[in-house]
Structures are given as structure tokens and as C-alpha cells.
Amino acid sequence: MMKLILYFCLAIACLAQQVLSLSPTYGVGPEELEYYKEAKYFNCLRSNVQIPFSQVNDDFCDCPDGTDEPGTSACSSIGRFYCQNSGHKGDFIYSSFVNDGVCDCCDGSDEYQLKIKCKNNCKEIGEESRKKQNQAIEAYENGLQKKKQMEEEGTRVFNEKTEEITRLRKEIDPITQEIKELEVLVEQKKSEREVENKRLLDEKENKDKETADSKPNVDEQQKETEENKEVVGEGVEQPEIQTSELLDAISKGKDDINNNNNDNNNEDEDEDDNSTNSQDKIGRTTIVDQNNDFLNEDNNEDLDQFQKILKSFKSVKNSIYNFILPILPNRFVSLKDMDLGGLESELSKKRESLKEKENEIEKIDKMLKSDLGVNNVFLPLYNKCFDLTTKEYTYTVCPYEKASQGHTSLGKFESFNNNGKTMSFENGQQCWGGPKRSLKVNMECGGDNELYDVQEPGKCEYTIKFKTPALCSEEHLKVLKLESDHSL
Ligand code: MAN
């Protein structure tokens with residue numbers, strides 16, 4: 001029994017000896033070493049209390065800030081212990097981890113009471129960590145190079161777009177002027193046509209009246225004339241050939257028909273005259289010689305055939321006419337020589353071209369006025385989209401535009417925040433029992449533009465990380481290199 005008490009006392013003494021013999025600088029970080037130099041008194045570092053220096057690292061917490069026990073766990077809730085970790089990099093752990101039976105420092109210095117035997121594996125860990133650090137530095141340097149390319153591309157595109165918008169703005173004025181002129185011409189043509197139509201109508205009414213007076217069966221003749229009218233292309237005035245006119249020509253024989261066709265061809269060149277001429281002929285050709293050989297019953301079939309051929313010739317001619325006119329360049333057809341259809345088609349082409357240019361100007365203007373970062377570094381991200389596919393969804397982020405989760409909108413681009421490091425997308429699809437969906441894209445330096453690590457920290461409030469060369473900086477590279485040097 002006496003022996004046991006002796007062993008116990010020895011063990012306590014050994015332990016006390018171990019703690020008591022702890023150097024006052026044990027567990028002190030390199031920046032604070034100077035405050036732990038041997039002296040009569042120790043000034044607690046972060047509180048206005050002075051204690052005898054002999055009480056530093058005596059395993060009893062005296063300073064309210066715990067700074068008198070850097071190497072023990074006595075001030076467990078507030079103190080910090082510094083692991084030297086030679087071969088790797090020094091690090092702080094909570095004082096409560098000291099001598100708790102778990103190896104926290106890679107050099108094992110936190111477990112000096114030998115409750116557990118810790119291996120010093122700082123060298124291996126250090127080598128691995130340096131390898132990773134070097135890779136990170138390499139990736140960063142690569143990112144910085146790509147950033148330069150993005151800046152170059154951004155500035156080039158910015159200048160090109162500035163030139164383009166200047167050119168487009170210059171092109172707007174003459175087109176607007178041309179549209180105004182065309183509008184006037186179209187109005188003119190319309191009123192001319194109205195006048196002409198009215199004149200023709202009056203004239204026709206007069207003729208009909210005259211014919212009615214001189215011939216009782218004029219109604220039938222009139223009906224036949226109406227039936228034989230051609231359906232002409234929209235907006236294009238066409239020569240009318242009356243059946244009676246044809247019959248008249250036929251009654252005079254083939255030569256006359258040829259002449260008549262030639263007349264019609266000439267009329268195509270001046271359509272206003274054409275209409276007048278054909279109307280002129282109405283009255284003159286209404287009487288048909290029923291005894292003409294060519295028109296006897298045997299020849300009715302030939303006549304039908306002939307009329308069909310003439311009709312198809314006219315419709316082919318009309319189609320060609322309608323097709324060619326709109327595509328004929330202006331230098332071949334002067335505006336004042338165009339008919340109403342041609343002018344209207346030209347007007348709508350000009351209006352379309354104006355609209356296209358105005359839209360393009362608006363688009364470019366919006367882009368040039370956006371926050372494109374220093375040296376337009378973000379401009380290469382404009383009009384681009386990036387995807388991240390997880391087990392559940394594909395997330396798409398189109399910087400400056402919109403973001404989505406599959407088909408669900410996560411919002412429209414709102415602004416850059418957090419010193420240009422976060423892109424905010426707001427007002428996405430309403431969440432069931434929650435807010436409208438929104439997304440924060442947190443950017444950091446990387447060798448490529450790439451999304452990763454999507455989270456939904458709040459219901460329908462999403463975050464996603466975006467690696468981009470645009471966020472790499474020379475200053476941060478210096479910090480990385482410094483950290484790497486310190487870890488040696
Ligand atoms: C969908 C997704 C989820 C979201 C729920 C909310 O399932 O958009 O991200 O949390 O809706 O109801």
C-alpha cells in the first residue's frame with residue numbers, strides 16, 4: 001500500500017515537473033514571441049492585467065484573455081496554442097485541444113503529456129501541401145494570362161461595337177429620309193389612282209349607258225365582260241383584256257389578234273394608259289359578227305382553247321412582273337417610275353431595315369453601357385451562357401442576362417455587388433410559399449470560366465461559384481507565393 005502511494009506521488013510530481021518545466025514561450029505564435037521574454041512581470045496581451053512572470057505556462061489561468069497559458073489547456077475556452085509544424089506550416093489550435101489525447105499538430109507538439117504518442121508527419125504533409133500550393137500558383141498564373149486575353153478581347157470588341165454603333169446611327173438618318181419620301185410618293189400614287197379609278201368608272205358608266213341605249217342585250221354582254229376579267233397581283237395595276245375585245249379581234253382574223261396582243265404588251269409599259277385604252281375598246285367591241293366562219297359552232301372548241309392559252313400567258317406574265325419588280329435594285333427602277341405596289345414594297349423594306357438597325361443600336365448601346373469591369377475584362381462573358389449539371393438539375397447562368405434551374409427562372413441579371421465579385425440575379429419564378437427565386441454568383445480566380453458548387457442556403461435563394469480568369473489579380477498571386485514561402 002505504501003509502495004502504491006509512493007508511485008502515485010512520483011507520478012504527480014513527474015507531471016507537475018513536466019508542466020512546471022514548460023518554457024514560457026511554449027505554444028506562442030511567432031508574432032507574439034517578443035512579449036514572452038523573461039522578466040519580473042508578464043502583461044496579459046489583450047487585457048490590462050499584470051502577473052508575476054513565473055505564472056506564465058504554470059497550468060493555471062491567470063489572465064482574463066488566457067494569454068498567460070499559451071502552452072497548456074488551463075485557459076481552454078479562450079487560449080490558443082501554436083503548433084510549430086516544422087516541415088509544413090505553423091498553425092493555431094484551441095487550447096482545449098492541448099493534451100486531449102488527439103494529435104492535432106502534425107509535429108505532435110500538442111500532446112506532450114504522452115497520453116498518446118503522436119507521429120511527426122509534417123514533412124509528408126508539407127510536401128503534399130506544397131505540391132498543391134504550387135499547382136494553385138500555376139493555375140493562378142495561367143488565370144492571369146487568360147485574364148489579359150479577356151481584357152484584350154473585351155477592349156477589341158468594345159472598340160468594334162463603338163464603331164458599329166456610330167456607323168449604324170449614321171445610316172439611320174438617310175433611311176428615315178427615304179421612308180418619308182416614299183410615304184409621300186405612296187400617298188401621291190394612291191390619290192392618283194383614286195382619281196383615275198373614278199375617271200374610268202365615270203367613263204365606263206357613260207359608255208355602258210350609251211351601249212344600253214343602242215343595244216338591248218347589253219346586260220349579257222356586260223356580264224360576260226365581268227366574267228372574263230383577270231384576277232391581278234395585289235397592288236399592281238394590270239392591263240384588262242375583255243372577252244368582247246378578244247372576240248372582236250378573232251372576228252378580224254389572226255393578224256388582228258397579233259396586233260392586239262402587241263398593243264397589250266405596249267400597254268404594260270404604261271399601265272395608266274393601258275387601263276384607259278382597254279376601257280376605250282369596251283364600247284367599240286361589244287358587237288360580235290355571229291356569221292363569222294371562225295365563230296361558227298365547229299370552231300367553239302378552238303376558241304375556248306385559244307382563250308385558255310391567252311389566259312395562262314397573262315398569268316405567267318403577271319407572276320413574272322410581280323416577282324421581278326420588288327427585287328429590282330433601285331438603280332434600275334427610279335422611285336417615281338414605280339407603281340403603287342412597288343413603292344409600298346420598297347417602303348416596307350426600308351421600314352424593316354430601319355427597325356433592324358434601331359434594334360441593333362439598342363442592343364449594342366445596352367452592352368456598352370453595362371458594367372464591363374476594368375479594361376472590359378467581363379465583356380467576353382457577354383452573350384455567353386455557362387452550365388452546371390448536378391444530380392437533380394442543370395443550372396444555367398448567362399451573365400448580364402438571366403439564370404435558370406432547368407426550365408425554372410432563377411432571375412434576371414440585376415447588378416455586380418461585393419466589389420465586383422458577385423453577380424446578382426433577381427425576380428425569378430415565384431417559389432411555392434416562398435420568395436421569388438434569386439441567385440448569387442460568387443466569382444473567384446480560375447484558369448477557365450466555369451461554374452461549380454451550387455447551394456440553396458435559403459428556400460429558393462441560391463448561390464453558385466464561378467471560376468473566372470477575370471477575377472485573378474497580381475496582388476493575390478503575390479499573397480499566394482508568400483504563403484507558399486512561409487510553409488517551408
Ligand atoms: C423546386 C426547386 C427547388 C426549390 C423547390 C421549392 O423543387 O426549385 O430548388 O427548393 O422547388 O418548392
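Start at 1 and go down the list; that is how both ligands and their atoms are numbered.
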Would you mind writing out the side-chain donor-acceptor pairs for residues 36-44 within the sub-3.5 Å range, not counting sequence neighbours?
residue : atom : partner : partner atom : Å
Tyr36   : OH   : Thr67   : O            : 2.6
Asn43   : OD1  : Gln50   : NE2          : 3.0

Dump the intermediate steps for salt bridge (Lys or Arg N to Asp or Glu O under 4.0 Å) on Lys412 and Glu401, then the final yes or no. CA-CA 6 Å; Lys412 290 213 165 90; Glu401 207 197 336; over 6 Å; no
Between Gln84 and Tyr26, is any side-chain donor less than 3.5 angstrom from a side-chain acceptor?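 No.
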Using the side chain to side chain contact (heavy atoms under 4.5 Å, CB included) criterion, which residues pair with Ser415? Sequence neighbours excluded.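 By the side chain to side chain contact (heavy atoms under 4.5 Å, CB included) rule, Ser415 matches Asn417, Ser424.
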Scan the side chains in residues 428-436 for donor-acceptor partners under 3.5 Å anywhere in the protein, sequence neighbours excluded, and list what turns up.
residue : atom : partner : partner atom : Å
Gln430  : NE2  : Gly434  : O            : 2.8

Kindly print each ligand 1 N/O atom paired with any protein N/O atom under 3.5 angstrom away, one pair per line, or none if nothing qualifies.
residue  : atom   : partner : partner atom : Å
ligand 1 : 7 (O)  : Tyr393  : OH           : 3.2
ligand 1 : 8 (O)  : Gln405  : OE1          : 2.7
ligand 1 : 8 (O)  : Arg437  : NE           : 3.3
ligand 1 : 8 (O)  : Arg437  : NH2          : 3.0
ligand 1 : 8 (O)  : Tyr462  : OH           : 3.1
ligand 1 : 9 (O)  : Gln405  : NE2          : 3.1
ligand 1 : 9 (O)  : Glu456  : OE1          : 2.8
ligand 1 : 9 (O)  : Tyr462  : OH           : 2.7
ligand 1 : 10 (O) : Glu456  : OE1          : 3.4
ligand 1 : 10 (O) : Glu456  : OE2          : 2.6
ligand 1 : 11 (O) : Arg437  : NH2          : 3.0

Using side-chain contact (heavy atoms from CB on, under 4.5 Å), reason through Cys63 and Ile51 one step at a time and then give a plain yes or no. CA-CA 8 Å; Cys63 290; Ile51 56 165; 4.3 Å; yes
